[in-house]
There are 2 protein chains.
Amino acid sequence: MDFQVSFTVNEKLFLRNPDSSALGKKIVKYGIELIHEIGFEHFTFKKLAIQVETTEASIYRYFENKHRLLLYILNWYWSYMEFLVDYTLKNIQDPKTKLEIILNLLSKDLGENSGILQYNINALNQIVISESSKAYLVKEISDINKDQVFKPYKDLCAKIATVITEYNPSYKFPRSLSSTLIETSHSQHYFAENLPRLTDLGTEKPQKFTLLFLQNLTFELLK
Amino acid sequence: MDFQVSFTVNEKLFLRNPDSSALGKKIVKYGIELIHEIGFEHFTFKKLAIQVETTEASIYRYFENKHRLLLYILNWYWSYMEFLVDYTLKNIQDPKTKLEIILNLLSKDLGENSGILQYNINALNQIVISESSKAYLVKEISDINKDQVFKPYKDLCAKIATVITEYNPSYKFPRSLSSTLIETSHSQHYFAENLPRLTDLGTEKPQKFTLLFLQNLTFELLK
DNA sequence: CAAATAAAATAGTAATACTATCATTTATAA
DNA sequence: TTATAAATGATAGTATTACTATTTTATTTG
């Protein structure tokens with residue numbers, strides 16, 4: 001079975017829908033690859049224009065600025081994650097199994113599902129780990145939040161929180177635990193790779209280590 | 001008792017020691033206030049020069065760029081936190097009490113200790129919450145890490161890990177839990193204030209809420 | 001007081017983050 | 001099929017950012 005998923009992304013995130021044209025799609029596709037390659041701070045629309053073989057002005061017709069492009073990419077990712085959670089939990093009853101699957105999705109790179117995606121999923125994953133906090137750690141947070149641009153993140157968080165409550169109805173912080181699991185899956189993975197003394201990484205790979213840590217944390221806490 | 005604390009900050013972080021002159025001290029002091037006020041992205045040495053009533057060129061004699069200034073500020077903060085942990089744990093034997101004190105230090109704003117500090121501790125606290133991840137989430141991480149600029153963070157993390165192990169010697173992830181507690185104290189506080197649906201904030205203040213969440217997490221997990 | 005050092009003043013450059021205009025190509029609908 | 005609108009390209013321009021360099025003026029310190 002081979003299929004494509006696409007999501008409607010919040011209209012406030014773009015000036016012209018990048019999904020509506022070949023150029024728009026290239027901007028997002030190469031945007032992901034370039035942000036991954038050089039990091040968000042060094043990323044500029046000028047550099048992206050060269051990759052895409054278009055002009056800076058053309059990119060500005062799609063996105064107001066690079067922060068909006070990052071938000072667009074992350075919105076896409078969060079929507080995709082929520083879809084994946086839904087999809088993989090179908091027909092599963094046991095809450096423990098559900099939680100295990102979720103932790104796997106959070107810490108695993110999505111490589112295996114790459115067939116169904118139009119973007120470089122490895123680059124996308126790295127961006128989520130290294131750059132996603134830059135989407136909300138900005139002074140303009142309350143303004144941009146009014147545009148509902150964090151709705152997919154909140155939805156994903158709420159969905160995971162539901163499963164947490166299913167598993168242990170008396171646990172008092174399902175949403176906070178959910179966002180902590182998401183954030184920690186990024187930070188521990190990043191630390192394991194770049195500042196390993198902030199972790200207990202042994203001989204495992206960073207990804208595997210992160211999963212082990214999250215599993216221990218979740219199931220000991222909710223026991 | 002009234003006293004001042006100061007720490008030797010890694011020499012690689014500056015070109016000229018800001019602690020060695022009145023101008024240098026003003027640069028750091030107003031740097032903290034300006035970063036807090038307008039956010040790291042909007043912060044420039046030009047704007048800081050206006051606040052300090054000096055020139056851009058003069059600031060560049062102290063710090064290579066704004067990222068180094070942020071690292072300097074955070075190094076100072078991490079050293080100060082480690083000092084505070086040491087100081088407040090003096091003569092305390094019970095590991096549980098120790099952990100409780102640490103969680104208080106992590107989630108509390110340091111207002112009460114402001115007397116002994118040369119900087120605006122409220123601004124410093126907000127910077128740590130909103131900007132500290134920008135110090136390490138950069139492409140240059142492995143290069144800057146070679147300059148040992150994260151040593152104070154690692155030391156603080158190791159110190160807290162020691163207490164975790166004291167409290168529960170069989171727990172397998174003391175360092176990762178330690179860095180997770182530090183990071184989560186920032187992210188949950190930030191979310192509670194700006195994206196509360198990612199948390200279980202009720203009627204408590206964000207700070208109190210963060211403490212309750214961390215206490216529950218820590219003691220249930222290490223039980 | 002002289003010598004050294006720090007700071008101020010000034011200037012300049014390349015890159016960034018845009019905005020604007022107009023010509024050309026491409027899609028679309030009458 | 002043509003006209004017309006919409007998208008893109010080409011080009012230019014501005015203010016700000018992120019620096020570096022040089023020369024002059026204060027301030028320390030020996």
Side-chain angles (χ1 to χ4, degrees), chain A residues 9 11-31 34-35 37-73 131 134-135 137-140 143-144, chain B residues 11-31 34-35 37-73 131 134-135 137-140 143-144 147:
Chain A
V9 179
E11 303 228 330
K12 305 261 182 171
L13 286 171
F14 48 75
L15 300 171
R16 176 175 303 171
N17 192 339
D19 217 40
S20 73
S21 74
L23 180 63
K25 283 174 189 156
K26 276 175 83 182
I27 288 170
V28 177
K29 179 174 186 285
Y30 288 104
L34 193 55
I35 292 173
E37 198 182 319
I38 64 179
F40 191 62
E41 283 72 29
H42 297 296
F43 173 82
T44 69
F45 278 0
K46 176 90 232 196
K47 291 173 186 166
L48 179 56
I50 293 164
Q51 295 289 309
V52 176
E53 291 182 301
T54 183
T55 58
E56 231 184 323
S58 296
I59 297 176
Y60 275 106
R61 285 195 200 100
Y62 284 87
F63 294 100
E64 228 179 299
N65 53 49
K66 68 175 183 172
H67 185 256
R68 290 274 148 162
L69 173 57
L70 178 63
L71 273 172
Y72 179 92
I73 292 167
E131 320 289 359
K134 295 167 194 171
L137 292 176
V138 292
K139 272 285 163 185
E140 299 83 2
D143 277 333
I144 63 175
Chain B
E11 304 229 329
K12 303 261 182 170
L13 286 171
F14 49 76
L15 300 170
R16 177 174 304 171
N17 192 340
D19 216 40
S20 72
S21 76
L23 180 63
K25 283 173 189 157
K26 275 176 83 183
I27 289 170
V28 177
K29 179 173 186 286
Y30 288 103
L34 193 55
I35 291 172
E37 198 183 318
I38 64 178
F40 190 63
E41 283 72 29
H42 297 297
F43 173 82
T44 69
F45 278 179
K46 177 90 234 201
K47 291 172 186 166
L48 179 56
I50 292 164
Q51 294 288 310
V52 176
E53 291 182 302
T54 183
T55 58
E56 231 184 322
S58 296
I59 297 176
Y60 275 107
R61 277 192 217 99
Y62 285 87
F63 293 100
E64 227 179 300
N65 53 50
K66 68 174 183 173
H67 185 256
R68 289 274 148 165
L69 173 56
L70 178 63
L71 273 172
Y72 179 91
I73 291 167
E131 320 289 359
K134 295 167 194 169
L137 292 176
V138 293
K139 272 287 162 184
E140 300 82 3
D143 278 333
I144 63 175
D147 288 342

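Residue numbering restarts at 1 for every chain, and letters A, B, ... go by the order of the sequence lines.
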### Message
Base, sugar-phosphate or nothing for A:E64? Non-hydrogen atoms, less than 4.0 Å.
### Response
sugar-phosphate
### Task
Would you check if A:L71 and A:F63 make a side-chain contact, meaning some heavy-atom pair closer than 4.5 Å?
no
### Query
Can you name the residues that form a side chain to side chain donor-acceptor pair (under 3.5 Å) with A:Y30, not counting sequence neighbours?
none
### Task
Determine which pairs satisfy salt bridge (Lys or Arg N to Asp or Glu O under 4.0 Å) with at least one residue from residues 44-72 of chain A, sequence neighbours left out, and list them in order.
A:R68-A:D147
### Query
Does any non-hydrogen side-chain atom of B:V28 lie less than 4.5 Å from one of B:Y62?
no
#### Entry: Interatomic distance, B:R68 CZ vs D:dA18 C1' [rounded to whole Å]
16 Å
### Message
So A:I144 and A:H67, do their side chains get closer than 4.5 Å, heavy atoms only?
### Response
yes
### Message
Just the rounded figure in Å: distance from P of D:dT16 to NZ of B:K66.
### Response
16 Å
## Note on the structure
Between A:I38 and A:F43, the two heavy atoms sitting closest are CD1-CA, 3.6 Å
### Query
Thinking salt bridges, do A:K134 and B:E41 make one under a 4.0 Å N-O criterion?
no
### Query
Taking all atoms of both residues into account, what is the closest heavy-atom pair of A:V9 and A:F14, and its distance?
O-CE2, 3.7 Å
### Query
How does protein contact run along nucleotides 23-30 of chain D, one letter per nucleotide 5' to 3', with B for base contact, S for sugar-phosphate only, - for none, heavy atoms under 4.0 Å?
--------
### Task
Remember a base hit wins even if backbone is also touched, and classify B:F63 as base, sugar-phosphate or nothing at under 4.0 Å, heavy atoms.
nothing
## Note on the structure
Of all heavy-atom pairs linking A:L48 and A:G31, the shortest is CD1-N, 3.5 Å
## Note on the structure
In numerical order, the residues of residues 47-60 of chain A whose heavy atoms come under 4.0 Å of DNA chain C are A:K47, A:E56, A:A57, A:Y60
### Query
Closest heavy-atom contact between B:Y60 and B:L15?
O-CD1, 3.2 Å
### Message
Please report the interatomic distance CD1(A:I35) to CG(A:L70), rounded to the nearest 0.5 Å.
### Response
5.5 Å
### Message
I want to check something: taking the side chain as every heavy atom from C-beta on, are B:I59 and B:L69 in contact at a cut-off of under 4.5 Å?
### Response
no
### Summary
Span of DNA chain C engaged by chain B, first through last nucleotide within the 4.0 Å heavy-atom cut-off, is C:dA6 to C:dT10
### Query
For residues 14-22 of chain B, which residues have at least one heavy atom under 4.0 Å from DNA chain D?
none
### Query
Is it true that atom NZ of B:K12 has more than 12 heavy atoms of other residues, nucleotides or ligands lying nearer than 6.0 Å?
no
